[in-house]
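Have a look at the structure below before the remarks.
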Amino acid sequence: MQKDRILITSALPYVNGIPHLGHLAGCLLPSDVFARFNRLIGNQVLYIAGTDEHGSPCEIGAKKENVSVEEYTSKYHNIHKDIYQKFNLSFDYFGRTSSKENIETTQSIAKELFNNGFIEQREDEQIFSIDDNMFLPDRYVIGTCPFCGADNARGDQCENCTKVLDPRDLINPKSSISGSSNLEFRKTKHLYLLLSKLSDKVRSWVETRNWNKLTLGIAYKWLDEGLKDRSITRDLKWGVPVPLDVFPDMKDKVFYVWFDAPIGYISITKELLGDDYQSWWLMDKGASEVQYFQFMGKDNVPFHAITFPATLLGANENYKKVDTLKGLSYLNFNGGKFSKSAGRGIFADKAIEEFDADYWRYWLIKNAPETDDTDFSFERFSEEINKDLNDVLGNFILRVLKFYNSKFSNVISHDIIIGDKEKQIISLLQQKIHNYSSFIKSLEFRKAMAELRSIWVMGNEYIDEMAPWAIYKTDVNKAGQILAFAINLIRIFMIISQPIIPDSSLKVLNALNTSGDWVFDVEHDISIINKGHSFNVPEAIFTKISSDRVSELNEKYNK
RNA sequence: CGCGGGAUAGAGCAGUCUGGUAGCUCGCAAGGCUCAUAACCUUGAGGUCAGUGGUUCAAAUCCACUUCCCGCAACCA
């Protein structure tokens with residue numbers, strides 16, 4: 001079979017702070033399921049992610065913790081890396097945008113853009129905080145809103161009346177970092193990416209894309225409103241320095257994080273593969289054969305659908321650009337947003353202490369916010385975990401294995417007999433596995449999960465209809481044959497469940513002393529576990545979440 | 001009239017592109033079964049498809065207007 005080459009990237013989470021469930025639901029988990037699935041069906045996969053580490057929040061965060069920015073970002077990079085490992089995210093490499101490779105790649109792409117006439121230097125005026133000794137991004141200037149009088153309006157927008165503001169409009173402006181009102185406007189030079197000149201190129205490229213509604217809607221909105229030239233540098237110390245050999249006036253300036261962050265996909269690949277990165281990223285070195293999938297939250301779509309492709313198109317037509325872009329909506333917590341500053345919601349480090357990764361993986365994929373924002377609550381979480389994982393799947397596995405083990409032994413002593421009912425099951429299962437695969441391939445995770453669940457239900461239906469406990473009374477051998485068939489169903493269920501619930505699947509497959517990548521031919525695979533094969537009856541694979549536990553969790557996290 | 005997404009049984013969703021008896025899961029009710037985690041299987045009740053108007057033999061689906069929810073609005077990332 002011809003192997004496809006699949007490049008997968010997840011939007012790089014910003015390194016500042018602990019990720020929450022929304023970050024997992026919105027891009028990391030779906031991309032991991034897709035990566036695992038593709039590996040299982042035999043495709044060659046490169047799955048890349050990392051932390052986005054530049055920008056003023058890191059400088060400010062480091063100051064607050066009284067450490068260097070390098071120490072600060074390293075600390076949080078490791079926290080991210082550790083958490084994602086616990087959630088079983090199977091990155092081929094988890095890098096960071098502060099790497100030497102990213103600095104080089106970003107600088108070289110900027111040079112290419114400049115040589116092609118897509119970068120221009122312009123002079124702006126921006127607020128400088130004398131006491132903080134830095135230029136302030138608009139949102140770090142706070143003051144009284146001239147429209148509604150709210151006293152905590154930010155320089156970019158008043159959260160009270162939602163009016164869009166300019167920092168100049170604010171009454172009594174001050175720095176939100178130090179509280180100092182010792183501010184002044186200073187002239188500063190910046191590089192602009194001439195998106196207006198790239199607009200036609202981007203549009204004709206977007207027109208060849210086959211994206212979902214949410215993504216295309218956002219892309220065309222930007223194009224239709226007209227792309228505006230965008231500043232790609234900042235007056236900060238922490239970031240990719242602007243190369244002075246090409247831009248000699250740009251001393252002490254760095255690229256804006258949103259310019260260098262997506263370039264991180266390329267540089268992280270370089271970090272992993274060295275020169276072999278070319279076969280994934282350069283069209284004339286093999287990347288034209290690659291199918292590239294990007295996953296991100298909807299807030300990130302403009303950058304992936306417009307800005308980053310524009311950057312690559314302007315720099316060099318030879319760069320690989322995204323084929324399929326999956327934009328997801330947000331996960332909310334009990335009807336409101338997750339909030340780092342307010343400590344609202346459950347964060348990934350705590351979540352994994354409360355429940356095994358598979359519980360979260362299952363629920364978050366089943367409820368992936370694909371069309372609209374999705375609301376998380378411990379009530380919904382426990383209902384679906386209890387019903388689907390415990391009652392439908394876990395209970396099926398145990399009822400079959402315990403039954404066989406108690407009436408016969410833990411060594412299979414029956415042939416797999418294919419009667420009419422079994423034929424039906426095989427053909428239906430073949431169809432359903434095909435549907436399930438198709439849904440994952442088209443990145444329709446909710447539908448994929450509904451299909452997977454209905455596959456699990458087939459096990460219970462089969463056992464119930466065949467009623468081996470009744471047959472056992474008159475035909476012991478026949479009862480054993482039914483159960484042996486069911487044991488093979490368990491094997492198949494767990495193989496195809498691996499992308500979603502890898503730990504549990506492996507646990508059961510190990511107990512069955514079996515393994516397998518993917519089920520392409522049910523008729524063949526249904527008799528892989530046969531006479532002489534031994535198995536162990538595993539401990540409960542899942543445990544239920546009691547209503548008391550739900551109350552406790554609400555008490556703990558729903559303040 | 002800034003832009004985009006969403007509104008479908010008590011809850012969560014599919015169906016809308018390509019008009020043709022409104023579907024799935026949970027919950028609820030009744031029945032079955034007793035191998036299993038008080039689980040599992042079957043059947044049933046429950047919907048003026050956000051509203052109004054239009055096109056059509058026929059509208060959840062197409063068109064127009066309205067209401068409500070979410071996000072974005074380019075110097076937060």
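Throughout, a chain's letter reflects where its sequence line sits, starting with A, and its residues are numbered from 1. Excluded from the calculations below are hydrogen atoms, water molecules and symmetry mates; all remaining heavy atoms, backbone and side chain alike, are included. Note that the coordinates shown come from a computational prediction; the quantities given were computed from them, not determined experimentally.
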Sugar-phosphate, base or nothing in reach of A:Gln126, heavy atoms under 4.0 Å: base
Short side-chain donor-acceptor distance under 3.5 Å, A:Glu53 and A:Asn102: no
Sugar-phosphate only, base, or nothing, as touched by A:Tyr472 at under 4.0 Å among non-hydrogen atoms: nothing
Opposite nucleotide pairing with B:rG2, Watson-Crick or G-U, both atom distances under 3.5 Å: B:rC72
Donor-acceptor pair (no angle test) under 3.5 Å: A:Asn390 side chain, B:rU37 base: yes
Counterpart base for B:rG23, defined by Watson-Crick or G-U wobble contacts under 3.5 Å: B:rC13
A:Phe308 ring center within less than 6.0 Å of A:Phe259 ring center: no
Pairing partner (Watson-Crick or G-U wobble, both distances under 3.5 angstrom) of B:rA29: B:rU43
Sugar-phosphate only, base, or nothing, as touched by A:Lys387 at under 4.0 Å among non-hydrogen atoms: sugar-phosphate
Atom pair distance, as rounded to whole Å: CG in A:Asp375 and P in B:rC70: 12 Å
Interatomic distance where OH belongs to A:Tyr330 and C1' belongs to B:rA77 [whole Å]: 10 Å
Per-pair stack call A:Phe403 and B:rC35, 5.5 Å, 30°: no
Separation of B:rC72 C1' from A:Ile306 CD1 (nearest whole Å): 14 Å
A:His54/A:Phe255 aromatic ring centres below 6.0 Å: no
Watson-Crick or G-U counterpart of B:rU48, or none if no pair lies under 3.5 Å: none
Distance test, side-chain N/O of A:Tyr256 to OP1/OP2 of B:rA77, below 4.0 Å: yes
What donor-acceptor contacts under 3.5 angstrom involve side-chain atoms of residues 469-479 of chain A, with partners at least two apart or in another chain?
residue, atom, partner, partner atom, Å
A:Thr474, OG1, A:Ile471, O, 3.2
A:Asp475, OD1, A:Asn477, N, 3.4
A:Asp475, OD1, A:Lys478, N, 3.1

Rounded distance in Å - CH2 (A:Trp363) to P (B:rG12): 12 Å
Mate of B:rC62 where both pairing distances stay under 3.5 Å, Watson-Crick or G-U: B:rG54
Candidate list A:Ser175, A:Ser178, A:Ser176, test side-chain contact (heavy atoms from CB on, under 4.5 Å), partner A:Tyr140, passing option: A:Ser176
Pair A:Trp360 and A:Phe381, ring centroids less than 6.0 Å apart: yes
Sugar-phosphate only, base, or nothing, as touched by A:Asp52 at under 4.0 Å among non-hydrogen atoms: sugar-phosphate
Donor-acceptor pair under 3.5 Å, A:Asp373 side chain vs B:rC69 base: no
Spacing between A:Glu370 atom CD and B:rC13 atom C1', to the nearest angstrom: 11 Å
I'd like a table of atom pairs between the protein and nucleotides 42-45 of chain B - only N or O on both sides, under 3.5 Å - with the distance next to each one.
residue, atom, partner, partner atom, Å
B:rU42, OP1, A:Glu461, OE2, 3.4

Atom CG of A:Asp503: over 12 foreign heavy atoms under 6.0 Å: yes
